[in-house]
Q: 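Following this message is one structure expressed as structure tokens.
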Amino acid sequence: MSYNPKEIEAKWQQQWEAEQAFEPSDSLSQKKKYILSMFPFPSGRLHMGHVRNYAIGDALARYYRKQDYNVLHPIGWDAFGMPAENAAIKHGRHPKEWTYSNIDYMRKELGTLGLSFSKTREFATCDPLYTKHEQKFIIEMFQKGLLYRESTTVNWCESCHTVLANEQVEEGCCWRCDNPVELKEMPGYYLDIIRYADELLEDLSQLEGKWPSQVITMQRNWIGKSQGLAFDFELTEESKAKLGGKFDRYEVFTTRPDTIYGVTYSALAPEHPITKYLVEHNLLEPEVAEKIKAIANMSEVERAKQDKEGYPLGINVIHPLTGEQIPVWTANFVLASYGGGAVMAVPAHDERDYEFATKYNLPIKRVIEGGEELPYTGSGRLIESDRFSCVENEEAKIAIINYMEEEGKGQGTTNYKLRNWGVSRQRYWGAPIPFVHCDECGLVPEKFENLPVALPDDVEITGEGNPLENHPTWKHCKCPKCGKEALRETDTLDTFVQSSWYQFRYATNPKKWEEVGIDKADADYWLGVDQYIGGIEHAILHLLYARFFTKVLRDLGYHDIDEPFQRLLTQGMVLKDGAKMSKSKGNTVDPDALVDKYGADTARLFILFAAPPQKELEWNDSAVDGAFRFIKKLYDRSGKVTGKTLPEIDQNSLSKESKLARVKAYEALQKSADVYEYTFAFNTLIAACMEALNALDKQDNADVWTEGMYLCSTCLNRSFRMWLQS
RNA sequence: GCCUCGGUGGUGGAACUGGUAGACACGUCAGACUCAAAAUCUGAUGGGCUUUGCCCGUGUCGGUUCGAGUCCGACCCGAGGUACCA
């Protein structure tokens, strides 16, 4: 009988369905494994990247089930987001209809791939039941002061018509549509992720060796902790007068307090309140004011491309230790978003300060020995630094901070590059932020019993403005506190909020889904995810947010887990002709067509065989044929299996070829635990099985065949029964 | 600029803690079967040579070692991240 994947796979898929073969047990006392592939956005169809992601996770899930673990291997849908609205704008389809019909289609695709997902734990993040619990978390975070509303400068994408988080800006452009991001002043909701910066940073060391070091490094750099000194520059009396008595002083931050005696000027960001005051009150030359305004209108990315540029502000400050007068400038390289938007400048020991000082002929004063040329940023002894002269600079850092603290002139401070997470989006297809604006009571959270605050179905989605804002009635409501007429918040939550806690939702027994968002006992049993699999593009975005949410929800009492993902595997991209598969390049391979032609087993075997999962995978049509040949051969040789139990074999009676075949088969078996539990080098395991089969083919002992086939199917994670055609 | 990862045949990739480089597969070539083709099977396949065998070969140049793809140093190239963070 020839190999007919359609028939075989359909048969097994039906049987699995009937047996509910992949549902985890409700018992929370067994040893467990939680295997999770990042859930997909329901874009319409699966692509090869999905197939690779799920093939890897599925191999692990099946392996651990065979080892008698209670395995949770769920799937769901990251279902809110812009593309649904874009479909509405383009094709006139309602985002909800578009999303759920895509889900139905893609669920079928997953089915034909024979993936061993739990069926009962599936959900979409746009399900009102999911929104309900998420809104409750958001309100609890607000009550704890972790969520706040503030008007600040935000990243605005005009084409998506919404605000973006810092993490969603890539080289000054929108991560989704690649449009340049503009700065805009507007109110929004923020999650205080900085409060958790230290823990997020420190706990990375727990993940060492379990997460790719690259991802750990990226998160470390993104959090960007630096320690130093914060102190005030007091303005001179004349300068105070010039500023109309509005300002006495301003704060600066430095990581190099050891160079404080080398300060020759100070620089403020163009957005700094003092700069703004001077511009607005016409206290500068009109041309200068114009130039400063021009800089302020530039994005940070644009500014970074410009040469250093700055203007003296005609004011001075007093050096806190020497009492000298220091001129104050504004400069395009001083960022408003970091360290208070003001710096002390030490041109002798800082490259930027040096470049600026040279350009504008500002004095340069060396205070650290070492190096031939200035600027010198290395270590050495202090000179010309009063009582700190002759001290090694690393010691001096501490000594100067201590001294400043004793004198009440400054303090040791920690700063982070990490910005608080702006979670409001001015879009329709998202979870509404459950607050109400009341003239009397201010910002009031919706009552728990009124959750979810659901989206209205009757909206017009035109791409112009915020559909919720434009809806005739939806935003009008009663204040949950005083009952007067009030306005509902029309911003929705960033979709990354949904993907920050879905791993807990899967873990919660579906019987409790109505009642609770996360069940503590379930969460503590299943979490952390034993193996998480996904693309490296989420190295900071999703993986940082999910870590943050885990800690917040822990502190809200929902569970006792510190880190959501114990181990992380970042899979490589699927390429064709050297480029990422994409519709626009026309180099895609359709998973459906592949499964139709060769069957799911071939598709998955090829994907696991063609490259180690961490690496990029170059698509090769004829190598797919090779995978198909191997499976066909395995199927063909199933006739060689003569018993249903492992035979006893007398090693001494065997031919040289039979002995070699046994060696190869056992080598494969030995490799398998290492591959499934540690290296994930499925390509080498499959190669070992191919070697074993080649060696089996060169001998003809029936018992060795039976044993060899049994071992190969074990390694390949296929049910032995499957080859026996039982 | 800085941080990370990588560079092995025509191709994808093997090679555990230093010990026969190129497993396995693709491709190619030759052969068997066939009227023919497909499918299948068998064999060959890093380069060079004076071809029973020898020499050279893991980005480049040095080093350590009895022995280096693997360890050390310098450099070149590629991919990803990040970018005036004071």
Side-chain angles (χ1 to χ4, degrees), chain A residues 2-3 166 169-172 212-226 228-230 252-257 259-260 263 266-269 300-309 331-347 349-356 377 413 415-419 535-537 539-540 570 572-573 575 578 605-606 609-612 614-630 632-633 636 664 667-668 670-671 674 678-679 681 683-695 697-698:
Chain A
S2 71
Y3 173 55
N166 258 31
V169 180
E170 294 173 348
E171 297 186 22
S213 57
Q214 192 192 171
V215 175
I216 294 177
T217 310
M218 281 166 72
Q219 291 215 357
R220 260 200 197 112
N221 293 342
W222 190 262
I223 293 167
K225 179 178 182 171
S226 55
L229 169 73
V252 294
F253 172 74
T254 178
T255 53
R256 294 295 306 272
T259 64
I260 195 167
V263 173
S266 171
L268 303 180
E300 284 189 4
V301 176
E302 271 179 278
R303 283 185 226 181
K305 290 181 195 146
Q306 310 284 317
D307 284 337
K308 300 252 178 311
E309 183 183 336
N332 64 346
F333 69 89
V334 180
L335 302 174
S337 55
Y338 185 80
V343 297
M344 69 175 210
V346 185
H349 305 291
D350 181 283
E351 280 170 33
R352 294 153 306 174
D353 297 349
Y354 183 84
E355 196 185 325
F356 192 82
T377 55
T413 310
N415 250 319
Y416 301 93
K417 284 191 211 178
L418 184 68
R419 303 288 88 205
I536 185 117
E537 66 272 17
I540 349 201
T570 48
M573 280 190 300
L575 310 178
L605 185 86
F606 167 72
F609 180 59
Q614 299 88 340
K615 278 192 81 163
E616 290 180 336
L617 186 157
E618 175 68 38
W619 195 264
N620 178 335
D621 284 325
S622 49
V624 177
D625 280 323
F628 186 61
R629 272 201 285 273
F630 174 67
K632 240 184 339 189
K633 194 165 152 185
D636 179 61
K664 290 286 181 191
E667 274 177 3
Q670 199 167 31
K671 208 173 185 84
D674 194 41
Y678 190 64
T679 65
N683 53 331
T684 65
L685 180 61
I686 293 165
C689 289
M690 288 173 170
E691 279 187 71
L693 192 61
N694 290 344
D697 249 342
K698 293 209 166 73

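Residue numbers begin at 1 in each chain, while the letters A, B, ... track the order of the sequences.
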Q: Using atom types as modelled and distance alone, determine if a side-chain donor or acceptor of A:Arg256 lies under 3.5 Å from a backbone N or O of A:Val346.
A: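 Checked: no pair found.
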Q: Taking only N and O in the side chain of A:Arg629, is any of them less than 4.0 Å away from OP1 or OP2 of B:C26?
A: yes
Q: Please report the closest heavy-atom contact between A:Lys417 and A:Asn221, naming both atoms and the distance.
A: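 It is CD-O, 4.1 Å.
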Q: Classify A:Gln306 by what it touches in the nucleic acid, base, sugar-phosphate, or nothing, heavy-atom distance under 4.0 Å.
A: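 Answer is base: heavy atoms of A:Gln306 come under 4.0 Å of a base.
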Q: Considering only atom P, compute the distance from B:A21 to B:G69 and round it to an integer number of Å.
A: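 Looking at atom P only, B:A21 and B:G69 are 8 Å apart.
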Q: Contact class for A:Pro212 vs. all strands (heavy atom < 4.0 Å): base, sugar-phosphate, or nothing?
A: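 It contacts nothing in the nucleic acid.
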Q: For a quick check of understanding: with a heavy-atom distance under 4.0 Å over all strands, which category does A:Phe609 fall into, base, sugar-phosphate or nothing?
A: base
Q: Output the single nucleotide from B:C24, B:C84, B:A14 whose closest atom is nearest the side chain of A:Glu691.
A: B:C24
Q: Look through every strand shown and name the nucleotide pairing with B:U70 as Watson-Crick or G-U wobble, where both distances are under 3.5 Å.
A: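 Its partner: none found.
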Q: Using purine N1 to pyrimidine N3 plus N6-O4 or O6-N4 for Watson-Crick, or N1-O2 and O6-N3 for G-U wobble, both under 3.5 Å, which nucleotide pairs with B:A30?
A: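 Across all strands, the one nucleotide that pairs with B:A30 is B:U42.
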Q: Between P on B:A14 and CD on A:Glu667, what's the gap in Å once rounded to a whole number?
A: 17 Å
Q: For B:U4, which nucleotide in any strand shown is its Watson-Crick or wobble partner with both distances under 3.5 Å?
A: B:A79
Q: Reckon A:Val346 touches a base, only the sugar-phosphate, or nothing at all at heavy-atom distances under 4.0 Å?
A: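 Counting heavy atoms under 4.0 Å across all strands, no contact is made by A:Val346.
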Q: To the side chain of A:Thr684, which of B:A15, B:A86, B:C84 is closest?
A: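 Looking only at side-chain atoms, A:Thr684 lies closest to B:A15.
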Q: Could you give the CG-to-C1' distance, from A:Asp697 to B:C41, as a whole number of Å?
A: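 Going from A:Asp697 (CG) to B:C41 (C1'), I get 10 Å.
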Q: Can you tell me if A:Ser266 uses its side chain to pair, donor with acceptor, with the backbone of A:Met344 under 3.5 Å?
A: no
Q: When the C1' atoms of B:A32 and B:C24 are considered, how many whole Å apart are they?
A: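 These two C1' atoms come out 25 Å apart once rounded.
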Q: Could you label the plane-to-plane angle of the A:Phe333 and A:Phe356 rings as parallel, tilted or perpendicular, counting under 30° as parallel and over 60° as perpendicular?
A: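 Plane angle over 60°, so perpendicular.
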Q: Check the distance between B:A23's P and A:Asn694's CG and give it to me in whole angstrom.
A: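 It is 12 Å, rounded to the nearest whole Å.
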Q: Choose from B:C84, B:A86, B:U4 the nucleotide whose nearest atom is closest to any side-chain atom of A:Lys308.
A: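 The closest nucleotide is B:C84.
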Q: Please give the distance between the P atoms of B:U58 and B:G10 as a whole number of Å.
A: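 It comes out at 13 Å once rounded to the nearest Å.
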Q: Given atom CG of A:Asn221 and atom P of B:C3, what is their separation to the nearest angstrom?
A: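 So the two atoms are 10 Å apart, to the nearest Å.
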Q: Starting the side chain at C-beta, find the nucleotide from B:U4, B:U82, B:C84 nearest to A:Ile540.
A: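 Given the options B:U4, B:U82, B:C84, the side chain of A:Ile540 is closest to B:U82.
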Q: Nearest to the side chain of A:Ser622, heavy atoms from C-beta on, is which of B:A14, B:A86, B:G27?
A: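 Nearest to the side chain of A:Ser622 among the choices is B:G27.
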Q: How far, in whole Å, is B:C61 from B:G9 if one measures between their P atoms?
A: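 Result for the P pair: 15 Å, nearest Å.
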Q: So which one's nearest nucleotide on RNA chain B is more toward 5', A:Ala342 or A:Ala623?
A: A:Ala623
Q: Watson-Crick or G-U wobble partner for B:U50, using a 3.5 Å limit on both distances?
A: none
Q: Please determine if a side-chain N or O atom of A:Tyr338 lies less than 4.0 Å away from the OP1 or OP2 oxygen of B:A86.
A: yes
Q: Any idea which of B:A83, B:A86, B:C3 is nearest the A:Arg352 side chain?
A: B:A86
Q: Taking atom C1' in both B:U20 and B:A83, compute the distance separating them and give it to the nearest angstrom.
A: 48 Å
Q: Report the distance from atom OH of A:Tyr678 to atom C1' of B:U17, rounded to the nearest whole Å.
A: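 So the OH-C1' distance, A:Tyr678 to B:U17, works out to 12 Å.
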Q: With C1' as the reference atom in both, quote the distance from B:A44 to B:G22 in angstrom, rounded to an integer.
A: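 Going atom to atom, C1' in each nucleotide, I get 16 Å.
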Q: Only pairs with both distances under 3.5 Å count, Watson-Crick or wobble alike; so what is the partner of B:C35 in this structure?
A: none
Q: Which one, B:C3, B:A86, B:C26, comes nearest to the side chain of A:Ser226?
A: B:A86
Q: Kindly point out which of B:C24, B:G27, B:C41 is positioned nearest to the side chain of A:Lys633?
A: B:C41
Q: How many whole angstroms separate atom CZ of A:Phe606 from atom P of B:G12?
A: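 In whole Å, B:G12 P and A:Phe606 CZ are 12 Å from each other.
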Q: Under 4.0 Å, heavy atoms only, any strand: does A:Ala304 hit a base, just the sugar-phosphate, or nothing?
A: base
Q: Strictly by Watson-Crick or wobble contacts shorter than 3.5 Å, is anything paired with B:C84, and which nucleotide is it?
A: none
Q: Please determine whether side-chain contact (heavy atoms from CB on, under 4.5 Å) holds for the pair A:Ile260 and A:Thr254, giving the CA-CA distance in whole Å, both sets of side-chain angles, and the decisive distance to 0.1 Å.
A: CA-CA 9 Å; A:Ile260 195 167; A:Thr254 178; 6.0 Å; no
Q: What do you reckon, is CD of A:Glu351 surrounded by more than 12 foreign heavy atoms closer than 6.0 Å?
A: no
Q: Just by distance, do the side chain of A:Gln614 and the backbone of A:Thr570 share a donor-acceptor pair under 3.5 Å?
A: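 It does not hold such a pair.
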Q: For B:G9, does the O4'-C1'-N9-C4 (purine) or O4'-C1'-N1-C2 (pyrimidine) torsion place it in syn, i.e. within 90° of 0, or in anti?
A: syn
Q: With a non-hydrogen cut-off below 4.0 angstrom, is A:Lys632 in contact with a base, only sugar-phosphate, or nothing?
A: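 Since only primed, P, OP1 and OP2 atoms lie under 4.0 Å of A:Lys632, the category is sugar-phosphate.
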Q: Base, sugar-phosphate, or nothing for A:Gly224, non-hydrogen atoms under 4.0 angstrom?
A: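 Answer is nothing: A:Gly224 stays at 4.0 Å or more from every strand.
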Q: Taking the minimum atom-to-atom distance to the side chain of A:Ala687, which one of B:C84, B:A23, B:A86 wins?
A: B:A23
Q: Return yes if some donor-acceptor pair links the side-chain N/O of A:Asn332 with the main-chain N/O of A:Asp307 below 3.5 Å, else return no.
A: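 Between the backbone of A:Asp307 and the side chain of A:Asn332 there is a qualifying donor-acceptor contact (under 3.5 Å).
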Q: Side chain of A:Ser213: nearest nucleotide among B:C5, B:C85, B:U82?
A: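 Of the options given, the side chain of A:Ser213 lies nearest B:C5.
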Q: Starting from the 5' end of RNA chain B, give me the residue, A:Arg256 or A:Leu617, whose nearest nucleotide shows up first.
A: A:Leu617
Q: Can you see which heavy atom on A:Gly341 is nearest to which on A:Val334, and at what distance?
A: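 Scanning both residues completely, I find the closest heavy atoms to be O-CG1, 3.5 Å.
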Q: In whole angstrom, what separates A:Trp619's CH2 from B:A25's C1'?
A: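 After rounding, the gap between these two atoms is 15 Å.
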Q: Pick base, sugar-phosphate or nothing for A:Glu616, based on heavy-atom distances below 4.0 Å to the nucleic acid.
A: sugar-phosphate
Q: Would you measure the distance from the C1' atom in B:U64 across to the matching atom in B:G1 and give it in whole Å?
A: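 The same atom, C1', in both gives a distance of 33 Å.
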Q: Send over the distance from A:Ile216 CD1 to B:G80 P, rounded to a whole Å.
A: 22 Å
Q: Under 4.0 Å, counting only non-hydrogen atoms across every strand here, what does A:Lys615 touch: a base, just sugar-phosphate, or nothing?
A: sugar-phosphate
Q: Does A:Asn683 put a side-chain nitrogen or oxygen below 4.0 Å from OP1 or OP2 of B:A14?
A: yes
Q: In whole angstrom, give me the gap between the P atoms of B:G81 and B:A15.
A: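 To the nearest whole Å, 27 Å.
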Q: Near A:Glu537 CD, under 6.0 Å, is it more than 12 heavy atoms from other residues, nucleotides or ligands?
A: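 Atom CD in A:Glu537 is crowded, with more than 12 foreign heavy atoms closer than 6.0 Å.
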Q: Please determine, for B:C24, whether a Watson-Crick or G-U wobble partner exists with both distances under 3.5 Å, and give it or none.
A: B:G12
